[in-house]
Amino acid sequence: QVQLVESGGGLVQAGGSLRLSCAGTGIPFSINTIAWYRRVPGKQLVAAISRDGITNYADSVKGRFTISRDNAKNTVYLQMNSLNPEDTAVYYCVVGNYWGQGTQVTVSS
């Protein structure tokens, strides 16, 4: 059974940083593209990393967010720096057709 568990969300002031984690079971991250979406309130692609390590980002987060993976831990990360209130959303880890439960990120002014 596939399970994706996100963690690392929270409340931070503008200009601060957070690091999100997504740990997966039942599906290998090493052979799949992994993506982070956020609901703002619609679903918006934030960042993705392919099986070959190719990354892409939404224009609004380029230079501030970094996606990475640790295949040995079957975990993907999203390092978020220079956060602003517009980054406030529920963030979801997505692998294939599977979505995690999401983790809340709130950025105050």
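In what follows, every heavy atom counts, from backbone to side chain, and hydrogens, waters and symmetry copies are set aside.
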Answer yes or no: are there more than 12 heavy-atom neighbours, outside Lys73 itself, under 6.0 Å from its atom NZ? no
In Å and rounded to the nearest 0.5 Å, what is the [atom1] to [atom2] distance from [X] to [Y]?
X: Tyr57; Y: Leu78; atom1: OH; atom2: CG; result: 7.5 Å
X: Asn74; Y: Arg69; atom1: CG; atom2: CZ; result: 9.0 Å
X: Asn32; Y: Ile27; atom1: CG; atom2: CD1; result: 4.5 Å
X: Thr55; Y: Asp52; atom1: OG1; atom2: CG; result: 12.0 Å

Could you tell me which non-hydrogen atom of [X] sits nearest to which non-hydrogen atom of [Y], and how far apart they are?
X: Thr33; Y: Ala48; result: CG2-CB, 4.4 Å
X: Arg51; Y: Ser30; result: CB-O, 3.5 Å
X: Phe29; Y: Asn71; result: C-OD1, 4.1 Å
X: Thr75; Y: Ser21; result: CG2-CB, 4.5 Å

Under the ring-ring contact (aromatic ring centres under 6.0 Å, His included) definition, can you give me all pairs with a residue in residues 75-109, not counting sequence neighbours? Tyr37-Trp99, Tyr92-Trp99
Are any of the side-chain heavy atoms of Leu45 and Asn56 separated by less than 4.5 Å? yes
When Val76 is tested against each of Ile34, Asp70, Leu20 for side-chain contact (heavy atoms from CB on, under 4.5 Å), which residue passes? Ile34
Please check this pair: side chain of [X] against backbone of [Y], looking for a donor-acceptor N/O pair closer than 3.5 Å.
X: Gln101; Y: Glu6; result: no
X: Arg38; Y: Thr88; result: no
X: Arg64; Y: Ser82; result: yes
X: Asn84; Y: Glu86; result: yes

For a quick test of your reading: what N or O donor-acceptor pairs under 3.5 Å do the side chains of residues 102-109 make, sequence neighbours left out?
residue	atom	partner	partner atom	Å
Thr103	OG1	Gly9	N	3.2
Gln104	NE2	Ala89	O	3.4
Gln104	NE2	Thr106	OG1	3.3

Does the pair Gln44 and Val61 meet the rule for a side chain to side chain contact (heavy atoms under 4.5 Å, CB included), with working shown? CA-CA 12 Å; Gln44 179 186 44; Val61 308; over 6 Å; no
Any disulfide (SG to SG under 2.5 Å) pairs touching residues 12-82, not counting sequence neighbours? Cys22-Cys93
From CA spacing to verdict: side chain to side chain contact (heavy atoms under 4.5 Å, CB included), Val12, Met80: CA-CA 11 Å; Val12 65; Met80 305 187 296; over 6 Å; no
Same hydrophobic cluster for Val5 and Val46, using side-chain heavy-atom links shorter than 4.5 Å among ILVMFWY? no
